[in-house]
2 protein chains.
Amino acid sequence: MFSKSCEYAIKASIFIAQKREGVQCVRVKEIAKGINAPEHFVAKILQELSRKKVISSMKGPNGGFCMSEAQINKPVLDIVLLIDGDGILNNCVLGLEHCSSSNPCPMHLEYQKIKLGIKNMLEKNTIRDFNNLLVAKEAVLFTD
Amino acid sequence: MFSKSCEYAIKASIFIAQKREGVQCVRVKEIAKGINAPEHFVAKILQELSRKKVISSMKGPNGGFCMSEAQINKPVLDIVLLIDGDGILNNCVLGLEHCSSSNPCPMHLEYQKIKLGIKNMLEKNTIRDFNNLLVAKEAVLFTD
DNA sequence: ATAATAAAAGATATTTTACTCTTTTATTAT
DNA sequence: ATAATAAAAGAGTAAAATATCTTTTATTAT
């Protein structure tokens, strides 16, 4: 469904939101541990998210990554589009170059429903929504 | 969603069903052209499908791949499970090793609905169902 | 029997994704 | 000013997915 990069991006964002809610910064090291992902790889992804203003960052001591209220209130779709592009919403399930309702692959009609569900899920839910589950201990960001 | 291999497997199966309905064989070359995929790569996948009895094959002149009525009536899920495994139905959307309703990732509940929709689609629709759309000219297997 | 045909199988190559390591730059506390 | 800290950036490595090429085996028509 998502690339590894995108999974990390979503989990990291939720982790940052959960940790400080924009007050203080979280270091990559802590984030990587918290979501059980390779540190330097996550760093790259966070740099990308930071460049595109999905999250914020500060260098130096007490530096790290953080999110403003506005950033926390963004739909998860924003992150997905940024990291994986819009393929998840637009690509043909059978990989046809130009699959559309007027020239559909055999699975097009059936798959449209699925894609709509995915779009809906990513659009309606914000980082905050998922973070709330975490805070309420109704969800976790890693298992072993 | 699916691997390239799986996309080819599904398209090839529909193509074989469409072409002959089990009466005569279709050569890889023709299949590869019909679904716009690399011939030798498709050959590998068809060999796998043949070994697992999802399709049938014959060597020599007039040889090729074909499908029996029974094979054509199988749900597409069979092919997906064979090529990609059950990850699409079971894997965590955020990549957690042990994500479940009792120990869920933040997106688990929302994503369950999606997975159910996918399972439903793959279980309810047979190769024949998708082939019918093709025969009725209501769908195509390749575009350029 | 022999030549032609087409799948089966094995080996190799390319591309993409995932990950790691090292150096540079900005910030802060002393 | 300086040393410490942490992100930014760049370069490189590893593994998996995708694709190609070559040889072998089975079948059929002549």
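The chains referred to below are lettered A, B, ... by the order of the sequence lines, with proteins before strands, and numbering in each begins at 1. Note that the structure is predicted; figures quoted are calculated from it, not measured.
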### Query
Base, sugar-phosphate, or nothing for A:Lys44, non-hydrogen atoms under 4.0 angstrom?
base

pair_partner(D:dT27), Watson-Crick or wobble, both distances < 3.5 Å, evaluates to C:dA4

When both distances are under 3.5 Å in a Watson-Crick or G-U wobble arrangement, the nucleotide paired with C:dC21 is D:dG10

Atom NZ of B:Lys59 and atom P of D:dA26 are separated, to the nearest Å, by 5 Å

Comparing B:His40 with A:Ser3, nearest DNA chain C nucleotide closer to 5' gives the residue B:His40

A:Lys4 NZ to C:dC19 P, in whole Å, measures 7 Å

- Taking OP1 and OP2 of D:dA29, is either one under 4.0 Å from a side-chain nitrogen or oxygen of B:Asn62? yes

Quick one: is A:Ser50 getting a side-chain N or O under 4.0 Å of the D:dA7 phosphate, OP1 or OP2? no

Separation of D:dA6 atom P from A:Leu46 atom CG, nearest Å, is 15 Å

Item to complete: Flag the pair A:Tyr111 / A:Cys92 as yes when at least one side-chain heavy-atom distance between them is below 4.5 Å, and no otherwise.
Response: no

To the nearest angstrom, the CD-C1' distance between A:Glu39 and C:dT20 comes to 11 Å

Whole-Å distance, A:Lys53 NZ to D:dA7 C1', equals 14 Å

* B:Ser5 vs D:dA17: side-chain N/O to OP1/OP2 distance below 4.0 Å -> no

>> So, does B:Tyr8 get its side chain near the phosphate of D:dA19, meaning an N or O under 4.0 Å from OP1 or OP2?
In response: yes

Any luck finding a side-chain donor-acceptor pair between A:Asn103 and A:Ser100 under 3.5 Å? no

OP1 or OP2 of D:dA7 versus the side-chain N and O atoms of A:Arg51: is any pair under 4.0 Å? no

Atom CE of A:Met58 and atom P of D:dA8 are separated, to the nearest Å, by 11 Å

C:dT15 -> Watson-Crick or G-U wobble partner, both distances under 3.5 Å, gives D:dA16

